[in-house]
A.B. asks: 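Sharing a structure, written as C-alpha cells. Questions coming.
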There are 2 protein chains.
Amino acid sequence: MKKDQVTITDLARELNVSPSTVSRALNNSPFISVERKKVILELAKKMNYSPNQLALSLLNKRTKILGVVVPEITSYYFSTAINGIQDKVGSSGYKLMISQSNESFEEEIRLMEAMALVRVDGFLISPSSNTLNYDHFEKIKDSGFPLVIFDRDCVGLEADKVVVDDYSGAFQAVEYLIQTGCHRIAHITGSANLSTTQHRRKGYLDALQKNNYPILEDLMVIGDDSSSESGVACMQKLLDLEQIPDAVFCYNDAIAIGAMSVIRERGIEIPDQISLVGFDDEPYSSYFKPSLTSVWQPIYDLGLLSAKILLDNLEIEKDNPNYRFEVLKPELVIRESSRKIV
Amino acid sequence: MKKDQVTITDLARELNVSPSTVSRALNNSPFISVERKKVILELAKKMNYSPNQLALSLLNKRTKILGVVVPEITSYYFSTAINGIQDKVGSSGYKLMISQSNESFEEEIRLMEAMALVRVDGFLISPSSNTLNYDHFEKIKDSGFPLVIFDRDCVGLEADKVVVDDYSGAFQAVEYLIQTGCHRIAHITGSANLSTTQHRRKGYLDALQKNNYPILEDLMVIGDDSSSESGVACMQKLLDLEQIPDAVFCYNDAIAIGAMSVIRERGIEIPDQISLVGFDDEPYSSYFKPSLTSVWQPIYDLGLLSAKILLDNLEIEKDNPNYRFEVLKPELVIRESSRKIV
DNA sequence: TTTGTTTATGCAAACCTTTGCATGATACTA
DNA sequence: TAGTATCATGCAAAGGTTTGCATAAACAAA
C-alpha cells in the first residue's frame with residue numbers, strides 16, 4: 001500500500017506549467033520569473049514534495065551510497081571502525097550500505113557484486129581472512145569504483161589503504177615485556193592469513209631478536225582464529241610445555257581473556273608468574289581482574305580516515321591514481337596483567 | 001573515471017535488434033525465437049552485461065533495500081541483532097542500509113527521512129532512548145512504508161514489534177537472588193526512558209513484592225545511561241549507604257562489570273557478601289572473575305524474527321494491518337557472581 | 001516599422017528497463 | 001487463393017528528473 005510520492009509533474013499539472021519550469025524553480029535556476037518561482041515553491045512545500053533520488057541517481061549516475069564490507073559486525077573492533085566511517089560520512093549526505101563477509105572470501109565477492117549492481121559510489125573494504133586473491137578488487141577498480149582497503153592489508157594490490165602499524169604495536173609490547181624482566185615470552189597468533197597476524201608476529205620476533213633472545217618454536221602457538229576459545233586452547237598448549245612461559249603476548253584481547261581464564265584455573269599468578277598482554281584494548285579489558293595490558297588501536301580514526309579518503313576520491317575524480325597508504329600508530333596501555341619495570 | 005556500464009541498448013545496437021527484444025531474451029520471455037535468444041544471451045555474457053538496478057527500481061518502485069536504525073552499532077547487543085537481520089535478509093536479495101542514531105531523537109528522524117528519500121522498501125527500527133514522540137513513525141507508516149520496531153517498545157504506537165520479555169528476565173533474576181538467601185537486593189537501572197529499563201524495574205519490584213520483601217527507595221539507583229562508568233558511579237552510591245545491599249541486580253552486563261570493579265576495590269567478596277547479576281550475557285561475561293550471572297537474551301533471534309516479519313509484510317502487501325507483537329523469552333544464566341541455592 | 005535583445009517558458013532527449021499494443025511475416029486451413 | 005492463426009519483432013510509454021535548444025512574448029533601439 002505504498003502511497004505514490006508527489007512528483008514534479010504533479011506540481012506542474014496543478015499549476016499548468018511544464019515540469020521543466022517546476023524543476024527550475026526548485027533548483028534555483030535564474031531562468032524563471034520570481035513570482036512563478038514563489039508560487040511553485042509554496043505548492044511544493046504544501047504538497048510535501050521531495051525529489052525522487054532514484055530518478056536523480058539514474059540521471060547523475062551516482063547514488064550517494066557507499067558500500068562497506070567488514071569481516072564481522074559483532075566485534076567491538078569493526079563496529080568501532082564503522083562508527084568512525086559513519087561519523088565522517090554523516091554530514092556529507094552519503095548513506096552506508098553495510099555488510100559482513102563472515103570471513104568468507106566467496107561472501108565478500110558476492111556482497112561486493114551486489115553493491116556494485118546497486119551502483120554504490122565507492123567501497124570501503126576490510127578483507128576477510130580468507131581473501132588471498134584480489135581479482136575481485138581489481139575488477140571493481142577496473143569498473144571505475146573508488147576503493148579503500150582498511151585495517152587488513154592486501155600486499156601487492158594497488159589501492160588506497162589505511163592500516164594500523166601492527167608491527168610497531170607488537171614490537172612495543174614485547175620490548176616492554178623484555179624490559180620488565182620476562183625471559184620466556186610466548187606468542188599466541190590470530191588467523192594465519194591475516195596481514196595483521198603476520199605483522200604482529202614479525203614485531204614479536206624482531207623484538208626478541210633485537211634483544212638477543214632466542215626464538216623458540218614451542219612458544220609460538222598458531223590460533224585457529226581470534227576468539228577467546230582459541231585463546232583457551234592455545235594457552236593450554238603453552239601450559240602443557242615442560243617449561244612454561246613467563247609472559248604471553250596475545251594477538252588480541254579476546255585471546256588474552258581466554259588465556260587469562262586458563263592461567264587462573266591452573267593457579268598461576270598474573271603477572272607474578274606470567275605477564276599477559278593483549279591487543280585492541282577493548283572496553284572491558286580495563287575491568288578484568290587483573291586488568292589487561294593491551295595495545296590500543298586508533299580504530300575509530302581508522303574508520304574516519306578511510307571514509308575521508310574515499311570521499312576525497314569521490315570529489316576529485318582523479319585520472320592518475322596516486323594511491324595513499326596511511327599507517328596509524330597504536331599505543332601500549334600498561335595495566336595490571338604485566339609486571340612493572342623494576 | 002567510472003566506466004559506463006553495458007546497457008541493453010548497447011547489446012541491441014550491436015546485434016541490430018531493438019532493446020525490447022534484448023529485454024525479452026534476458027527475461028526468458030516466450031515471445032522470442034530460440035536462436036536469437038541464444039545469440040543475445042551469449043553476447044550479454046561476453047560483454048558482461050548486468051541490469052541497472054536503478055532503472056529497475058524506478059520502474060518497479062522498489063529498491064530491495066531495507067533501512068535499519070539502531071541506537072548504536074558499537075554495542076555487542078545491537079550488532080548481534082544486526083547479525084540476525086543480515087542472516088535472514090541475506091538470501092532474499094535485499095540489502096541493508098544501516099545507521100546509528102547515537103540515542104538521538106533528531107538524528108533518528110533525520111536518518112529515517114534520508115532513507116525514505118532513497119526509497120528503501122521498509123524499516124527496521126530500534127528507537128533511541130530519547131524517542132518519546134512517535135510522529136515520525138506514524139508519518140513513515142502513512143507514507144506506506146512497512147515498519148518493524150524491535151528491542152525497545154513504543155507504547156501506543158501501532159506497528160509490528162519484536163521485543164524481549166524484560167519483565168520476565170528481571171523477575172527470574174530477582175527471584176533467584178531471593179531463593180539464594182539475599183535480603184537487601186538493590187537494583188541499578190539503565191536510561192530512565194527506555195521501555196526495557198521500565199520493564200526490568202517492574203520485574204524487580206514485582207519479584208520483591210511477591211515474596212513480601214519491602215521496597216526500599218535507597219536500594220534503587222537510577223543510572224545516567226547503561227555504561228560501565230554508570231555502573232561504577234551507582235555502585236559507589238550503594239556502598240556508601242549505612243546498610244549496604246547483599247545483592248545487586250543490574251540493568252545490564254556493562255553496569256554489572258563496573259559495579260564489580262567497585263565492589264572488588266572495597267574488598268567486598270562476590271558472591272559471599274554481595275551477589276551480582278547482570279543482563280544481556282555478553283560474551284566476555286563468562287570470562288570475568290568471578291564469572292557473571294546474567295540474563296541471556298535471544299538477541300540474534302530478535303534480529304532474525306524482526307527481519308522475517310518485515311520480509312513477510314513486503315510479500316503480502318496487506319491492506320488491513322494486523323500488527324504482530326512478538327515477545328521472546330530470556331533465560332537466566334547462573335555463574336559464579338551469585339550465591340547458590342542452599 | 002523593422003530589427004535586435006532580453007527573458008521566461010516548453011519541448012524533447014537522456015538515464016535504463018519493461019511491457020502492452022501494433023505490425024509484419026510466415027505458415028496453415030478451408 | 002483467400003482468409004486466418006501463429007509467431008517474432010519493434011514502437012512507444014512509463015517511471016522522475018535535469019538541461020540544451022528552440023520559441024514566444026515583450027520591449028528597446030534604430
Side-chain angles (χ1 to χ4, degrees), chain A residues 2-41 43-44 47-65 93 116-121 143-144, chain B residues 2-41 43-44 47-65 93 116-121 143-144:
Chain A
K2 189 97 120 224
K3 279 204 197 114
D4 275 352
Q5 185 75 19
V6 182
T7 75
I8 219 172
T9 326
D10 295 332
L11 298 179
R13 197 178 320 113
E14 198 83 10
L15 295 171
N16 262 319
V17 295
S18 79
S20 334
T21 305
V22 177
S23 172
R24 277 185 269 259
L26 295 167
N27 292 293
N28 248 318
S29 160
F31 309 117
I32 188 172
S33 66
V34 272
E35 320 91 68
R36 186 152 290 187
K37 183 164 165 181
K38 191 166 157 255
V39 176
I40 293 176
L41 287 179
L43 183 70
M47 291 183 66
N48 208 4
Y49 168 82
S50 60
N52 186 320
Q53 302 292 319
L54 250 34
L56 282 175
S57 295
L58 185 59
L59 195 63
N60 301 329
K61 293 174 178 297
R62 47 205 217 103
T63 51
K64 292 237 149 197
I65 301 177
L117 280 185
V118 188
R119 301 290 196 279
V120 295
D121 287 345
S143 306
Chain B
K2 189 96 120 223
K3 279 206 198 108
D4 275 351
Q5 185 75 16
V6 182
T7 74
I8 219 171
T9 325
D10 295 333
L11 298 179
R13 199 179 316 114
E14 197 83 9
L15 294 172
N16 263 317
V17 294
S18 78
S20 334
T21 305
V22 178
S23 171
R24 275 186 270 258
L26 294 167
N27 292 293
N28 250 318
S29 161
F31 307 116
I32 188 172
S33 66
V34 273
E35 320 92 68
R36 183 151 292 185
K37 182 164 165 180
K38 193 167 155 252
V39 176
I40 294 176
L41 288 179
L43 184 70
M47 293 185 65
N48 208 2
Y49 167 83
S50 62
N52 186 320
Q53 301 293 319
L54 252 32
L56 283 177
S57 294
L58 185 58
L59 196 63
N60 301 330
K61 294 176 177 295
R62 50 207 214 102
T63 52
K64 291 234 150 200
I65 300 178
L117 280 185
V118 188
R119 301 290 195 282
V120 295
D121 288 344
S143 305

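Not measured: the values here are computed from a predicted model. Side chains included, hydrogens not; waters and symmetry mates left out as well; all remaining heavy atoms used. The sequence lines fix the lettering, A, B, ..., with proteins before strands; numbering per chain opens at 1.
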A.B. asks: What distance do B:Y49 atom OH and B:L43 atom CG have between them, rounded to the nearest 0.5 Å?
C.D. replies: 12.0 Å
A.B. asks: Is the shortest heavy-atom distance from the side chain of A:T63 to the side chain of B:L54 under 4.5 Å?
C.D. replies: yes
A.B. asks: How far apart are the closest heavy atoms of B:L117 and A:P51, and which atoms are they?
C.D. replies: CD2-O, 4.0 Å
A.B. asks: Give every donor-acceptor pair under 3.5 Å between a side-chain atom in residues 11-24 of chain B and any protein atom, sequence neighbours left out.
C.D. replies:
unit_1	atom_1	unit_2	atom_2	d
B:R13	NH2	B:D10	OD1	3.4
B:S18	OG	B:S20	N	3.4
B:S18	OG	B:S20	OG	3.4
B:S18	OG	B:T21	N	3.3
B:S18	OG	B:T21	OG1	3.2
B:S23	OG	B:N27	ND2	3.3

A.B. asks: A:D10 has an atom CG; how far is it from atom P of D:dA14, in whole Å?
C.D. replies: 14 Å
A.B. asks: When the distance from CZ of B:R62 to C1' of D:dA14 is rounded to whole Å, what number comes out?
C.D. replies: 17 Å
A.B. asks: If you round to the nearest 0.5 Å, how far is CG of B:L56 from CG of B:L59?
C.D. replies: 7.0 Å
A.B. asks: Can you name the atoms? Protein N/O to nucleotides 16-19 of chain D N/O, anything below 3.5 Å, with the distance.
C.D. replies:
unit_1	atom_1	unit_2	atom_2	d
D:dT17	OP1	A:Y49	OH	2.5
D:dT17	OP1	A:N52	N	3.1
D:dT17	OP2	A:I8	N	2.6
D:dT18	OP1	A:N27	OD1	3.4
D:dT18	OP1	A:N27	ND2	3.2
D:dT18	OP2	A:S23	OG	2.8
D:dT18	OP2	A:N27	ND2	3.2
D:dT19	O4	A:S20	OG	3.4

A.B. asks: Nearest 0.5 angstrom please: A:S29 OG to A:K37 NZ, how far?
C.D. replies: 7.5 Å
A.B. asks: Rounded to whole Å, how long is the line connecting atom CG of A:L54 with atom P of C:dT18?
C.D. replies: 15 Å
A.B. asks: Is the closest side-chain heavy-atom distance between B:L26 and B:L41 below 4.5 Å?
C.D. replies: yes
A.B. asks: Among residues 29-38 of chain A, which ones have heavy-atom contacts with DNA chain C below 4.0 Å?
C.D. replies: A:P30, A:F31, A:I32, A:S33, A:R36
A.B. asks: With a 4.5 Å limit on heavy-atom distance, are the side chains of A:Q5 and B:R119 in contact?
C.D. replies: yes
A.B. asks: Between A:L15 (CG) and C:dG10 (P), how many Å, whole number?
C.D. replies: 11 Å
